[in-house]
Each structure stands twice: as C-alpha cells, then as structure tokens.
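One-based numbering, in listed order, for ligands and for the atoms of each. Heavy atoms only: backbone and side chains are in, while hydrogens, waters and symmetry mates are out.
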Amino acid sequence: MDKPRILVARAVFPEVVSRLAQYFEVENNQADEPWSKQQLADKLRDKVGAFTTGAERIDADALAAAPHLKICANMAVGYNNFDLPAMTARKVLATNTPDVLTETTADFGFALLMATARRVTESEHYLRAGKWQRWSYDMFAGSDVHGSTLGILGMGRIGQGIARRGAHGFGMNVIYHNRSRLSPELEAQCKARYVSKDELLRMADHLVLVLPYSPESHHTIGAAELALMKPTANLINIARGGIVDDAALAAALRERKIAGAGLDVYEGEPKVHPDLLTVPNVVLTPHIASATVPTRKAMADLAADNLIGFLVHGKPLTPLNPEVLG
Ligand code: 8YV
C-alpha cells in the first residue's frame with residue numbers, strides 16, 4: 001500500500017525526517033529554500049499532512065490548493081500562522097508544541113530581561129569598538145533586577161515560568177495581567193498578584209510580554225501604553241511581533257520615555273524596524289527564545305508525533321481544534 005504523502009516545509013533534524021519517512025512518503029526542504037506562498041500551495045496539493053513552522057501561513061488560499069490535506073503540525077507553541085477557523089471549517093487538524101518549550105523560553109525571557117536591565121549588549125558593542133579606555137562611576141549603570149517589580153502581561157505557562165524565576169530566584173515583587181485570573185494555588189506558587197493592565201504598565205520596573213498574537217492583541221503596547229510606563233522601566237517582548245508597535249517603541253526608546261527594551265520578535269520579521277537598529281538602549285535577538293538543542297529537538301519530535309499519531313493511529317497528541325476529530 002502507498003504511504004501517505006506529507007510535506008516537511010522547512011529544514012529540521014535529519015533523524016526526525018528519517019523517522020517520518022518510516023510512515024510517510026516525505027517531500028522535505030532540507031536545503032531550507034524560501035518558498036513563496038504559491039510554491040507552498042503547489043507542494044501541498046497532493047499532501048495529506050504538513051510539518052510547518054511559524055513562518056508558513058496556512059490560510060484559506062493554502063487550504064483551497066490542498067484538497068487532500070488533513071493535518072498541519074506546527075513546530076511552535078504559537079499558531080498565529082494558522083487561520084484556525086478556516087482550518088476547522090475545512091476539517092484540517094491543527095497541532096502545536098506546548099509544554100516542551102516552556103522552561104527554555106522562560107529562561108530566555110529572563111536572559112533578555114537581565115541583558116536589558118544591565119545593558120549587556122550595549123556595553124559589549126562599546127568594548128568591541130575599542131572605546132573602553134578606563135573605568136568610570138556611571139559607565140553602563142543600569143537598573144537592578146533583584147527586589148524590583150516584575151510585570152508580566154499574559155500569564156500562561158511561559159509567563160508563570162518567568163514569574164517563578166523572578167519571585168523565587170531574584171526576590172522580585174511579581175504582578176501580572178491576563179485575560180483570566182490564575183487560581184489562588186497558581187498565584188501562590190508564582191507569588192504573583194493580579195492587577196489591571198494600567199496598574200501593570202504604571203508599576204512594573206521590568207515588563208515582560210508573553211501573550212499570544214491575535215487581531216485583538218495587535219499593538220497591545222503602543223505610544224499610549226509606553227507613556228504610562230516608568231521612565232526607568234524596561235520592556236521585554238518574547239511573544240510575537242505585532243503585539244508591540246515597533247515604531248512607537250523606537251521613538252519611546254530614543255526619547256528615553258522608557259529606559260530600555262529587549263526584543264526577540266518583531267513586526268514583519270525577519271525584517272526589523274530600521275529605527276530599532278539605531279537606538280542604543282535595546283537588546284535585539286532573532287526569535288531564539290526556544291532555541292536550545294534539546295528543546296528544538298523536543299519540539300520537532302512532538303510535531304512529528306502529532307503527524308504519526310493522527311495519520312497512523314488516529315490520535316494526535318496536542319490538537320488545537322479537536323472538534324475536527326468528530
Ligand atoms: C519557534 C515560537 O521557534 O513556539 C513558538 O511559538 O515562537 C518559537 O519557539 C518559532 O515559532 C518557529 O516555529
């Protein structure tokens with residue numbers, strides 16, 4: 001019997017491709033060529049399953065070109081690259097990779113917070129440029145992390161991981177805002193206090209964004225919100241580009257309306273707003289919050305297990321729209 005045909009849209013660990021090849025006829029992209037929307041649609045035409053990353057948009061157009069498609073397994077916890085209602089209407093299962101990246105991503109959120117607060121990259125650039133001639137009392141003096149107020153916007157699993165690190169590791173006063181409040185047990189574990197969004201903006205010394213992107217969360221942080229923050233505060237975005245108005249943020253950084261920012265995600269990435277590239281008080285990383293070898297491997301394995309689980313055994317591990325399972 002012919003094996004089901006699947007597409008692995010991006011380069012991924014060869015052993016994961018080999019494992020998939022035991023069950024499927026795999027068309028892969030180990031050369032990691034950038035495909036246009038049309039090329040992706042053409043490649044999906046004869047496939048029943050697809051292994052995707054956050055960079056592949058699966059919308060009504062892509063679905064219309066893929067009459068046999070039954071599942072798209074995203075190697076990401078975020079799934080704003082999926083038009084989930086369109087997929088559900090077409091009875092295409094969507095899966096993501098929750099849990100396996102929580103602690104790694106929370107580690108990185110904290111790394112970016114600390115690098116921003118203590119001006120790590122700005123001072124490194126100074127040193128590498130040969131500008132360091134002698135010590136001075138205020139050279140790259142930043143803000144304290146220990147004992148400060150940590151604000152978290154979006155208190156899912158990763159937000160909770162950051163809260164635990166802040167409260168238990170650094171003695172921070174943790175406040176958060178979320179669509180729904182945590183249970184008293186989880187609030188106690190995270191030592192986190194629920195506040196309104198305005199209070200969060202006004203009180204945080206370090207504000208970390210960890211909320212999912214959707215049309216509703218577009219530009220959650222713009223000029224008006226930045227104006228509410230303390231001039232000494234830092235903003236950290238490890239969530240998604242588009243949650244922050246990057247032009248407004250660059251202006252706020254330049255005018256020192258806030259002290260600094262640490263960004264791992266950007267509007268329209270991999271493009272970065274040119275103004276962000278010229279302000280000194282921002283730490284910029286290329287969407288690497290989940291990038292450790294074991295975590296990326298666990299994410300790829302979970303996406304593969306979703307394809308095998310669903311197409312071979314009828315049981316996906318982490319479905320996003322289980323209603324299509326009937
Ligand atoms: C991925 C992410 O690296 O999981 C997510 O939502 O943002 C990252 O971990 C990226 O989306 C690639 O798929």
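- Looking at ligand 1, you won't find any N or O of A76 less than 3.5 Å from one of its N or O atoms.
- Here the OH-CD distance, from Y194 to E187, works out to 9.5 Å after rounding to the nearest 0.5 Å.
- Looking from atom 3 (O) of ligand 1 to the surrounding protein, the closest heavy atom is R296 NH2, 3.1 Å.
- Rounded to the nearest 0.5 Å, atoms CZ (F51) and OG1 (T95) are 9.5 Å apart.
- Taking every heavy atom of M75 and a limit of under 4.0 angstrom, the matching atoms of ligand 1 come to 12 (C), 13 (O).
- Contact annotation: for H287 versus ligand 1, heavy atoms closer than 4.0 Å belong to the side chain alone.
- Near G54, with a cut-off below 4.0 Å to any heavy atom, the atoms of ligand 1 are 12 (C), 13 (O).
- For the atom pair CG (D264) and CZ (F108), the distance works out to 4.5 Å, reported to the nearest 0.5 Å.
- With respect to the salt-bridge test (charged N to carboxylate O, under 4.0 angstrom), the residues E269 and R240 do not qualify.
- Residue T53 has no N or O atom closer than 3.5 Å to an N or O atom of ligand 1.
- Close N/O approach between L101 and ligand 1 is not found [any backbone or side-chain N/O within under 3.5 Å].
- Taking atom 4 (O) of ligand 1 as the reference point, the nearest protein heavy-atom neighbour is V77 N, 2.7 Å.
- The N/O atoms of S290, backbone and side chain alike, include one that comes under 3.5 Å of an N/O atom in ligand 1.
- Each of the atoms 2 (C), 5 (C), 6 (O), 7 (O), 11 (O) of ligand 1 lies under 4.0 Å from some heavy atom of R240.
- Classification of E25 and R5 as a salt-bridged pair holds, one side-chain N sitting under 4.0 Å from a carboxylate O.
- Taking any N or O of M299, backbone or side chain, none lies under 3.5 Å from an N or O belonging to ligand 1.
- Using a 4.0 Å cut-off to heavy atoms of G78, the atoms of ligand 1 that qualify are 4 (O), 5 (C), 6 (O).
- The distance from the CG atom of N74 to the CD1 atom of I58 is 8.5 Å, given to the nearest 0.5 Å.
- The only member of D46, L63, V48 that meets side chain to side chain contact (heavy atoms under 4.5 Å, CB included) when paired with L69 is L63.
- Other residues, nucleotides and ligands contribute only 12 or fewer heavy atoms inside 6.0 Å of the CZ atom of R118.
- Q189 contributes atom CD, which lies 7.5 Å from atom OG of S183 (distance to the nearest 0.5 angstrom).
- The residue V265 has no part lying near ligand 1, judged by heavy-atom distances below 4.0 Å.
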